[in-house]
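Beneath this line is the structure, given in structure tokens, with notes to follow.
Just so you know, residue 1 is the first one in the sequence shown, and it goes up from there. Order of listing sets the numbers, starting from 1, for every ligand and every atom in it. These numbers come from the heavy atoms of this one structure, side chains and all, not from hydrogens, waters or symmetry mates.
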Amino acid sequence: MKYLFLVFFLLPLFVVSQTNYDLLIRNGKIIDGTGNSWYYADVAVKDGKIVLIQKNISGTATKTIDAKGLIVAPGFIDVHAHIEGGVFENPAAHNYIYDGVTAVVTGNCGNSADDLSYFFFKIDSIKTSINVASLVGHNTVRRLVMGNDNRFATPEEQQKMEALIAKAMKDGAVGMSTGLIYLPGMFSNTAEVMGLAKETAKYKGIYASHIRNEENKVTDAITEAIDIGKAALIPVQISHFKVSGPANWGRSEQTLALIEKARLEGFDVTIDQYPYTAGSTNLGVRLPDWAMAGGQDSLKKRINDSILHQQIINDMLAQLKKYKYKNYSFAVVANHSADTSLNGKSIAAINLQKGRKAGARTEAESILDMMLAGGAQMVYHSMNEKDVQYFMKYPFNMIGADGGVATGKGMPHPRTYGTNARVLSLYVREQKLFHWKKPYAG
Ligand SMILES: [Zn+2]
């Protein structure tokens, strides 16, 4: 009996000394993502889980990585994503993984999957390499109830939208997003969004907003988002914070002051940002809202009507002047499905290629040609580096690429691939705008 006891007693010791991990990452600087200071340690992984973090871990591993001089951190969370289309084409989502991102919040700018319960089911079934959370989109919900109509909601429609928000929140949404420059959210008033935000707040969601204007009326738009937060008692996240158009360059102090003021009053308002002076959205944002109402067929009718055609062009040129652009050379095609040979070219270059005279008016005509052919995804060189840096330093700012899962189509904005790499190399390492956590001094 005595002998048997000894065997039982020794068995666990024998197992521990033979510990064999799948992966050992040695000698790295650990930054654990909780806000703690960094420290040196090894990390042991077994069966897909971190099982030990300490100095000089003993034991062996199938694979060992020497991380001397490198930082070991948990995967980044990208708070502003649009993966609805791409993730089903490319579940590996390489562009996120290579940029350090292992979790995304999608459904931003007012557009989410129509049925989040089904969306999450599908996400589970494809076994994508990223973790996914989703917001429920205001534009998605409004389109389901009211189509792309240019009008306010009736009380019945408001109720229907609130019911859809409630269902999405029960299905697991983390909040509601708006895209108030896009169809059909552009036709909503503040009261409508406030009502939906109140419904979202009942389920402890957040309100993430692509605000109504990022140009000359940017302060009004920020104020609207904060007012919605105050009325609905919901945390507010302002998406891809920026001041856009040469007319507004230098207004970063003024706009960020609104966020800081709300925070000092006790409201939970935060922002996110991608580290570039160019944005990316569709070509339709260059047209007046009224021209877009109803969707593509209605737009075609208006463009083909000679009087409305001129009104659209005039409104486009007025917008250009208001934002202080000289012409459309700041606008570059990321993807024009109808003619991919235009990808990577500016509207100014495309206009000349079409044999038209240089100048904003003829360029606006070239834009309408492209809208008739189905529109395009664009990159707009619309921001100023100093403003980008000013926001970048703000502590209540998160990095969000505003990209999707890359599928190899078109020439997307580089933020799709390089957001975190750029933040860390340019703004942390080179410009020292902010830093990795310093070692604990105590
Ligand atoms: Zn957006």
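- A salt bridge is absent between R212 and D220: the closest approach of a Lys/Arg side-chain nitrogen to an acidic carboxylate oxygen does not fall below 4.0 angstrom.
- Note on residues 200-226: pairs passing ring pair (Phe, Tyr, Trp, His ring centres under 6.0 Å), not counting sequence neighbours, are Y182-H210, H210-H240.
- Residues forming a salt bridge (Lys or Arg N to Asp or Glu O under 4.0 Å) with E192 (at least two apart in sequence, or on another chain): R142.
- A salt bridge does not link D387 to K242: none of the charged side-chain nitrogens sits closer than 4.0 Å to a carboxylate oxygen.
- Listed by chain and number, C109 SG, H210 ND1, H240 NE2 are the protein N/O/S atoms closer than 2.8 Å to the Zn ion (ligand 1), with waters left out.
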Which donor-acceptor pairs under 3.5 Å do side chains of residues 317-325 form with protein atoms, sequence neighbours excluded?
unit_1	atom_1	unit_2	atom_2	d
Q319	OE1	R286	NE	3.4
Q319	NE2	V285	O	3.2

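- N343 and H336 form no side-chain donor-acceptor contact under 3.5 Å, judged by distance and modelled atom types alone.
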